[in-house]
Amino acid sequence: MSTVVYRLSDGSEVSVDVPSGQSVMDGSVRNNLPGIIAECGGSCSCATCHVYLDDHSTTTHFDEPSLEEQDLIEFIEGARPCSRLACQLIIGKDTPTVHVTVPGEN
């Protein structure tokens, strides 16, 4: 289990324990946090789970973005080099605390 700290668009932070094998998106959706809509349910086809992976998070604990994820991120308004889809950020047994920022509506 790892802790994911979600920085929401209103500036508040919510910490959620997310079990290994689940995604950063799962942690948000299961706790009814605002901002991560997850229309496709985690199949990497809608980009409604866009987050900014904070530099302080250990990005080496996540797989590199797939070409499919990169293509979706390319068309997101407000995308940054640290943009990821939360459905593709899978928590592993050794994943440290992860900090993500949920962008507000663009």
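Asp17 is linked by a side chain to side chain contact (heavy atoms under 4.5 Å, CB included) to Met1, Thr3, counting only residues two or more places apart in sequence or in another chain. Under the side chain to side chain contact (heavy atoms under 4.5 Å, CB included) criterion, Pro34 pairs with Leu8, sequence neighbours left out.
Within the structure, side-chain hydrogen bond (donor to acceptor under 3.5 Å, both in side chains) contacts touching residues 34-47 (residues at least two apart or in different chains) are Ser43-Ser45. Applying the salt bridge (charged side-chain N to carboxylate O under 4.0 Å, His left out) test to every pair with at least one member in residues 3-14, sequence neighbours left out, gives these pairs: Arg7-Glu13, Arg7-Asp54.
Both Val102 and Phe62 are members of a single hydrophobic cluster when ILVMFWY side chains are connected at heavy-atom separations under 4.5 Å. Cluster annotation: Leu53 is connected to Val16 through the hydrophobic network of ILVMFWY side chains, with a link wherever side-chain heavy atoms come within less than 4.5 Å.
Counting heavy atoms from C-beta on, the side chains of Val51 and Tyr6 never come closer than 4.5 Å. Between Val18 and Ser2 the shortest side-chain heavy-atom distance does not fall below 4.5 Å. Within the 4.5 Å cutoff, the side chain of Thr97 has heavy atoms near those of the Val5 side chain.
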Please report, to 0.1 Å, the donor-acceptor pairs under 3.5 Å made by any side chain of residues 23-31, with sequence neighbours excluded.
{"unit_1": "Ser23", "atom_1": "OG", "unit_2": "Met25", "atom_2": "N", "d": "3.3"}
{"unit_1": "Ser23", "atom_1": "OG", "unit_2": "Asp26", "atom_2": "N", "d": "3.0"}
{"unit_1": "Ser23", "atom_1": "OG", "unit_2": "Asp26", "atom_2": "OD2", "d": "3.2"}
{"unit_1": "Asp26", "atom_1": "OD2", "unit_2": "Ser23", "atom_2": "N", "d": "3.0"}
{"unit_1": "Asn31", "atom_1": "ND2", "unit_2": "Gly27", "atom_2": "O", "d": "2.7"}

For residues 78-89, dump all side-chain donor-acceptor pairs below 3.5 Å to protein atoms at least two apart in sequence or in another chain.
{"unit_1": "Ser83", "atom_1": "OG", "unit_2": "His50", "atom_2": "NE2", "d": "2.8"}
{"unit_1": "Ser83", "atom_1": "OG", "unit_2": "Arg80", "atom_2": "N", "d": "2.8"}
{"unit_1": "Ser83", "atom_1": "OG", "unit_2": "Arg80", "atom_2": "O", "d": "3.1"}
{"unit_1": "Arg84", "atom_1": "NE", "unit_2": "Glu69", "atom_2": "OE2", "d": "2.8"}
{"unit_1": "Arg84", "atom_1": "NH1", "unit_2": "Asp63", "atom_2": "O", "d": "3.2"}
{"unit_1": "Arg84", "atom_1": "NH2", "unit_2": "Asp63", "atom_2": "O", "d": "3.3"}
{"unit_1": "Arg84", "atom_1": "NH2", "unit_2": "Glu69", "atom_2": "OE1", "d": "3.1"}

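Across all their heavy atoms, Ile91 and Thr95 have their closest contact at C-OG1, 3.7 Å. The shortest non-hydrogen separation linking Pro103 to Thr101 is CD-O, 3.4 Å.
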